[in-house]
Amino acid sequence: MHIDVNSAFLSWHATYEKQIGIERDIREIPSVIGGNEKSRHGIVLAKSLPAKKFNIKTGESLFEARQKCPNLLIVLPDYNVYTKASKKLREFLKTFTPDVEAFSIDECFIRFTDIDREKAINLAYLIKDRINEIFGYTVNIGVSENKLLAKMAGDFEKPNKCHTCFPDEIKKKLWPLPVEDLFMVGRKTKQKLNKIGIHTIGDLANYDYNAISALFKSHGRLIYDYSWGKDDSEFKGFEQVKSVGNSSTLRFDVTDTETAHIILLSLVEVTAWRLREAGAFCRVISVGIKFSDFFYISRQKKLSFFTDCTNDIYINMCKLFDAIWDKKPIRQLGVYVSDLEFRAVKQINLFQSNFSKKSEVLDKTIDKIRCRYGDNAIIRGMFANSDFQPLLGGYPSDEYIGMSSIL
DNA sequence: TCTGGGGTCCTAGGACCC
DNA sequence: TCTGGGGTCCTAGGACCC
């Protein structure tokens, strides 16, 4: 089964408001969860059903959304609430089966073996209704024999619905849908498929496999298989993360190196912290720059050693950044670490900074203080009298990892 | 004050080796 | 007989997901 929280951020926010005694229900009026426009985070993160009637779309700018619906209510997100709600839901699902696989903050797969169709469907309805009773929000549940079909079924009709998409139902339920509804067919692929006359999932399924394979390579073979409901991906209870990153759109365009370095530090602080929390060391570091014209570049470098040290990562990140930046105004900065290794003991390397040992103790101590007394209990001196946040970043992403094409 | 942030995976080109 | 061919590794960019 695939479980998908309907308008997750908005539903969770509504139940939270109810909990703390706020009278309104943002689900019943045209509303969206949206970022802060003043700090240039102004996009729609989730929309209510009444807002959907105004043709408001997730991901579009709040500016556009307000044009479509002038008295739209815009609510700032509270990622803490969403992260907790997400965890609570998975805990609840674990009362039905230990096989719960988080797919994103608001989606997961649960597995049942040795259960017939009828029982599965009844169970899906039971789970859906229990979630509504206990937590006060609705979900969609898709039921089938593999993850892809369950996920496709979950998307059929929303909200508060259970659907099946078993192999013998593919032609009837899956094939008539527009091809872009298929998992892993995005904007670009839809355009290319439409150009060769493929408009529905059925069109794709009945197109020449070799032609698809030649045109779209491995991605083509993947979506062709998906159009036939073929997916032999394993059920993974838990998977180790492969990269950690942190990026932020800046309140204003940055044009001087000093400011850029301060921001890089605040991004690295959070990234390195998450890396240590995961019990990992990284060997590849990358920096990404989005300019004011939205042009994006990135550079990565493989270090000669594995590290989880804020200072090491920061120093090398600055080197990378300095080597590629041509002083064009920066809108967004991002730092990423990958090529991870998970081990308990740190290996000291000659090429690490001289302060490596001290830095390690320092990192650990800072982590502990922040864990105990809050994120801003201890900050770097360079932030003390500056206008910049000592820790910069989006919402926490632990507990689940990013979506993969092989589910 | 138009356009976020967390990820995974794939491809193509170039460096380098024998 | 102008400039082979197999392989690995690294890097930048772009597609996709929510």
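In the text below, chain A, chain B and the rest are named by the order of the sequence lines, each starting its count at 1. All values derive from a computational prediction rather than experimental measurement.
- Rounded to an integer number of Å, the gap from CZ of A:Phe183 to C1' of C:dC18 is 9 Å.
- Distances shown here put a side-chain N or O of A:His41 below 4.0 Å from the OP1 or OP2 atom of B:dG5.
- Nearest to the side-chain atoms of A:Lys188 among the listed nucleotides C:dC16, B:dG5, B:dT11 stands C:dC16.
- Put simply, A:Ser247 has no side-chain N or O that comes within less than 4.0 Å of OP1 or OP2 on B:dG4.
- Atoms CD (A:Gln240) and P (B:dG7) sit 14 Å apart, rounded to a whole Å.
- Distances shorter than 4.0 Å separate none of the side-chain N or O atoms of A:Ser248 from OP1 or OP2 on B:dG4.
- Counting any heavy atom pair closer than 4.0 Å across all strands shown, A:Gly42 reaches sugar-phosphate atoms only and no base atom.
- Out of B:dT1, B:dG7, C:dC16, the shortest distance to the side chain of A:Lys38 is found at B:dT1.
- Enclosure of atom CG in A:Asp168 by more than 12 non-hydrogen atoms of other residues, nucleotides or ligands within 6.0 angstrom is indicated.
- Geometrically, A:Arg221 does not engage A:Phe216 in a cation-pi contact defined by less than 6.0 Å to the ring centre and at most 45° from the axis.
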Open item on the list: Before you tell me yes or no, could you show the steps for A:Phe103 and A:Phe109 under ring-ring contact (aromatic ring centres under 6.0 Å, His included), namely the whole-Å CA-CA distance, both residues' side-chain angles and the distance that decides it to 0.1 Å?
Closed with: CA-CA 7 Å; A:Phe103 185 60; A:Phe109 294 100; 5.5 Å; yes

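- Heavy-atom contacts from other residues, nucleotides or ligands closer than 6.0 Å to NZ of A:Lys68 number more than 12.
- In this structure, the CG atom of A:Leu333 is 14 Å from the C1' atom of B:dG5, given to the nearest Å.
- Atom P of nucleotide B:dT1 and atom CD of A:Glu60 are separated by 20 Å, given to the nearest angstrom.
- Checked against salt bridge (charged side-chain N to carboxylate O under 4.0 Å, His left out), A:Arg331 has no partners two or more places apart in sequence or in another chain.
- Between the C1' atom of C:dC16 and the CD atom of A:Glu107 lies a distance of 14 Å, rounded to the nearest Å.
- Residue A:Tyr336 is classed as having no contact, given no heavy-atom separation below 4.0 Å to the nucleic acid.
- In this model, the phosphate group of B:dC9 is approached by a side-chain N or O of A:Lys242 to a distance below 4.0 Å at OP1 or OP2.
- Between A:Lys302 and the phosphate of C:dC10, there is a side-chain N or O to OP1/OP2 separation shorter than 4.0 Å.
- Remark: A:Lys328 is positioned above the aromatic ring of A:Phe291, its terminal NZ or CZ atom under 6.0 angstrom from the ring centre and at most 45 degrees off the axis.
- Nucleotides C:dG4 and B:dG14 place their P atoms 16 Å apart, quoted to the nearest Å.
- The side chain of A:Ser61 lies closest to B:dC2 when the candidates are B:dG6, C:dC18, B:dC2.
- The partner of B:dC18, taking Watson-Crick or G-U wobble pairs whose two distances both stay under 3.5 Å, is C:dG5.
- Remark: aromatic rings of A:Tyr82 and A:Phe9 are close, center separation under 6.0 Å.
- Of the residues A:Lys151, A:Lys94, A:Lys147, A:Arg111, the one that meets the salt bridge (Lys or Arg N to Asp or Glu O under 4.0 Å) test with A:Glu101 is A:Lys147.
- The phosphate of B:dG5 has neither OP1 nor OP2 within less than 4.0 Å of any side-chain N or O from A:Asn246.
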Between protein and nucleic acid, restricted to nucleotides 13-15 of chain B and to nitrogen or oxygen atoms under 3.5 Å apart, what atom pairs and distances do you find?
none

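- Minimum atom distance to the side chain of A:Lys290 is reached by B:dG4, of the listed B:dG5, B:dG4, C:dC17.
- When the nucleotides B:dA12, C:dC17, C:dC16 are ranked by their closest atom to the side chain of A:Lys217, B:dA12 comes out on top.
- Residue A:Ser286 is out of contact with every strand shown, counting any heavy-atom pair closer than 4.0 Å.
- Positionally, the nearest nucleotide of DNA chain B for A:Gln332 lies more toward the 5' end than for the other of A:Arg221 and A:Gln332.
- Using a 4.0 Å heavy-atom distance criterion, A:Asn36 is classed as making no nucleic acid contact.
- The residue A:Val284 sits apart from the nucleic acid: no heavy atom pair falls under 4.0 Å.
- When heavy atoms are screened at a 4.0 angstrom cut-off, A:Ile297 is found touching the sugar-phosphate backbone but no base atom.
- If you check B:dG6, C:dC16, C:dT11 against the side chain of A:Arg274, the one that comes closest is B:dG6.
- Checking A:Arg66 against A:Leu250, the closest nucleotide of DNA chain B that is more toward the 5' end is the one next to A:Arg66.
- Listed pair A:Arg299 / C:dA12 meets the phosphate criterion, a side-chain N or O lying under 4.0 Å from OP1 or OP2.
- The nearest whole Å value for the distance from the CD1 atom in A:Ile43 to the C1' atom in B:dG4 is 4 Å.
- Spacing between atom CD of A:Gln191 and atom C1' of C:dC16 amounts to 14 Å, rounded to whole angstrom units.
- A:Glu64 comes within 4.0 angstrom of nothing in the nucleic acid, heavy atoms only.
- With A:Phe281 as the aromatic partner, A:Arg343 meets the cation-pi criteria of under 6.0 angstrom to the ring centre and within 45 degrees of the ring axis.
- Counting to the nearest Å, the P atom of C:dC18 and the CZ atom of A:Phe109 are 10 Å from each other.
- Contact check, A:Ser243 against B:dT8: a side-chain N or O comes under 4.0 Å of OP1 or OP2.
- When side chains are defined from C-beta on, A:Thr249 counts as touching A:His41, because their heavy atoms get closer than 4.5 Å.
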